[in-house]
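In this text, all values refer to a predicted model and were calculated from it rather than measured experimentally. So you know, we letter chains A, B, ... as the sequences are listed, proteins then strands, and number each from 1.
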2 protein chains.
Amino acid sequence: MMRRLPNLTALRAFEAAARHESLTRAAEELNVAHPALSRQIRELEGWLGCALFNRHNRGLSLTDAGRAYRDAASQAFDLIDAATALLRPDAPAVGEQRLTLSVEPSFAQRWLVPRLGAFRALHPGVTVIVDATREAANFRRGGADLGIRYGSGPWPGLEARKLADVENFPVCAPGLTPLPGDPAGLLEMDLLLEETDLPWRAWFAAAGITLNRPLHGTRFFDASHAMDVAVAGQGVALGDTILSRDDLAASRLIRPFPQVAIYQSYNLVAPPAHFRRPAVKAFTEWALAAMAAFLAG
Amino acid sequence: MMRRLPNLTALRAFEAAARHESLTRAAEELNVAHPALSRQIRELEGWLGCALFNRHNRGLSLTDAGRAYRDAASQAFDLIDAATALLRPDAPAVGEQRLTLSVEPSFAQRWLVPRLGAFRALHPGVTVIVDATREAANFRRGGADLGIRYGSGPWPGLEARKLADVENFPVCAPGLTPLPGDPAGLLEMDLLLEETDLPWRAWFAAAGITLNRPLHGTRFFDASHAMDVAVAGQGVALGDTILSRDDLAASRLIRPFPQVAIYQSYNLVAPPAHFRRPAVKAFTEWALAAMAAFLAG
DNA sequence: AGTCGCTGTAACGGAAAGTTACATCAGAGA
DNA sequence: TCTCTGATGTAACTTTCCGTTACAGCGACT
């Protein structure tokens, strides 16, 4: 039985593109970038010696040959799909995979980790690894799949999807004495700094205060620790809408100068290709929804 | 439409192996080496999570799951094959390809080229390029697909398929004067040498004559030229069963010492993988048949 | 007109498939 | 029983090809 079959990867690309009559949507379905499909299909047409699509500058349409070929291909793939489903009926939508997240420790501890259970329930096949070391994530093979970064970018070479806009502002325990009277008064108090004092300096700038000396205070490697210390009444930390939310709601912290804040955002960042990985796709979708729920609730 | 399809290359490997219940024969059909299939199938089984074959040390047999899967896959590929045949109905068995042959000039001129027309008629899609330079063939990409070599090997790293056994013996024009009386008499005559005198030395050794001096004579870069000169009555050349056959049959040449000959063979040689290329396969098959017909006729 | 959305092209990098060489094993046959 | 044959499995290397990014081009819709 001598068969003359086309390149089957190309055929699959064609079938998806034909079904959607769109390279972009087919690429989405197959989790690849569209030029991959563009070339596969061009080579398939070359091999067959006839055009399968009419190209319009916005979208594709099938030729008669293409329609016939798609029908056969779809049927064939349906057969394979069905037979495959019989042999591995219980395969989850996102299969056995690892998902390595590179997250700042504070965000990991205060927002992400408490909610990871929900994600894992949704996608039991995915093993989540939270890398909360402070080293910049390495997104190469063997490194992180996805990062969550605070700031406003840009992150060169990486695609960023905004997870949440946040305000950044001072927080302290309600019983802190003395309570700072105005932003300038903070300069006289114990400030709880992170690894750098840049966030605080940015906030002072927003408050209209020019600093001509380094800031004093205690430094923490983890913004979350700084806030714990603030809750304990040991000083003023820089919190944000997300990290401080529970403490503010429970009145363990207050926001002494609600009118002054700087604006940043949390972002999901990774090389563009990573966002096409099923596990990353699933996580991104879940995280955006979970964050929306969190902000709304 | 979200499908869960296996690796289609692996599926094709599996389907062929299942149809033949043999890796070896499937590899033959698909023009690949068997370990490629072995691994593809193993990975397919791993992905599916169930065995498709029972391995016996001599041959394979399908499991129940394998049988069901093969049925679906065969049907699917039949569909694709049929649809493909409709779009390119006239594709020759061996498509538009080049076939570069590295051949010794004498064999090319006296045997191969006169018969190439028959091959090209059989496989019109194949463009044959005869490289009759005397440089050793380079079988890397861009070099020769297949070589025809005289000798007895081995050719390290190359696979050899014997095209014909030949005898190697002196030939001269029937009217040559004086005709050599015995092998030793040749030493007094004009010998027509090839690039080296090694073949003649080998023949003298077979005749029981030890040479303690270099051979004298005219050297040709092409054994075929030496034989042309022999036909013209200008000396004795070393011929062989194939190269000299027509001249012997037409009595343009005679074989003065029919009892003494050395034995060599013409071989098709190439890296093993080349023999799986459709054009090489087709040529090999044709050449063996053509040679058998030549030797018989 | 300008922007947006989609497809095409090119060059590069890396994963996946194939290759060779060798090991292994069982059965056939002397 | 021992070798020989014919099959598959394993391992390391190489090459192909597939996908990626970055960018261009072209209509259609504001």
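In this structure, CG on B:Leu268 lies 11.5 Å from CZ on B:Arg149, to the nearest 0.5 angstrom.
Annotation: ring pair (Phe, Tyr, Trp, His ring centres under 6.0 Å) contacts of B:Phe77 (sequence neighbours excluded): none.
Taking every nucleotide of DNA chain C with any atom under 4.0 Å from a non-hydrogen atom of chain B, the first and last of them, 5' to 3', are C:dA17 to C:dA26.
Atoms CD (A:Glu43) and C1' (D:dC17) sit 9 Å apart, rounded to a whole Å. Nucleotide D:dC18 holds its C1' atom 14 Å from the CD1 atom of A:Ile41, rounded to whole Å. Between B:Arg42 atom CZ and D:dT10 atom C1' there is a gap of 7 Å when expressed in whole angstrom units.
Summary for the helix from C:dA1-D:dT30 to C:dA30-D:dT1: the axes at its two ends, each from 5 pairs, differ by 30° when rounded to the nearest 10 degrees.
No donor-acceptor pair under 3.5 Å is formed between the side chain of A:Ser38 and the backbone N or O of A:His34. A:Gln97 places no side-chain N or O within donor-acceptor distance of the main-chain N or O of A:Val126, the cut-off being under 3.5 Å.
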- Task: Treat primed atoms plus P, OP1 and OP2 as sugar-phosphate and everything else as base, then score nucleotides 20-29 of chain D 5' to 3': B for base contact with protein heavy atoms under 4.0 Å, S for sugar-phosphate contact only, - for none.
- Result: BBB---SB--

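Listed in residue order, the members of residues 6-21 of chain A having a heavy atom less than 4.0 Å from DNA chain C come to none.
For B:Leu23 and B:Arg140, each mapped to the nucleotide of DNA chain D holding its nearest heavy atom, the one lying further toward the 5' end belongs to B:Leu23.
Closest approach of B:Phe14 and B:Leu62 over heavy atoms only: CE1-CD2, 4.0 Å.
Under the 4.5 Å side-chain criterion, counting only non-hydrogen atoms from C-beta, B:Thr241 is not in contact with B:Asp165.
Taking 4.0 angstrom as the limit, A:Gln40 places a side-chain polar atom (N or O) nearer than this to OP1 or OP2 of D:dG19.
By the 6.0 Å and 45° rule, B:Arg120 does not stack over the aromatic ring of B:Trp286.
With a 6.0 Å radius and a threshold of 12 heavy atoms from other residues, nucleotides or ligands, A:Glu43 has its CD atom above the threshold.
Using a 4.0 Å cut-off between charged side-chain N and carboxylate O, A:Glu29 and A:Arg12 make no salt bridge. Under a 4.0 Å N-O distance rule, the pair B:Arg55/B:Glu21 does not qualify as a salt bridge.
Every pair passing salt bridge (charged side-chain N to carboxylate O under 4.0 Å, His left out) that includes a residue from residues 267-286 of chain B is listed here, sequence neighbours excluded: B:Asp145-B:Arg277.
Taking the six-membered ring where the residue is Trp, the centroids of B:Tyr150 and B:Phe107 are separated by 6.0 Å or more.
With hydrogens and angles left out, the side-chain atoms of A:Ser74 and A:Glu15 include a donor and acceptor closer than 3.5 Å.
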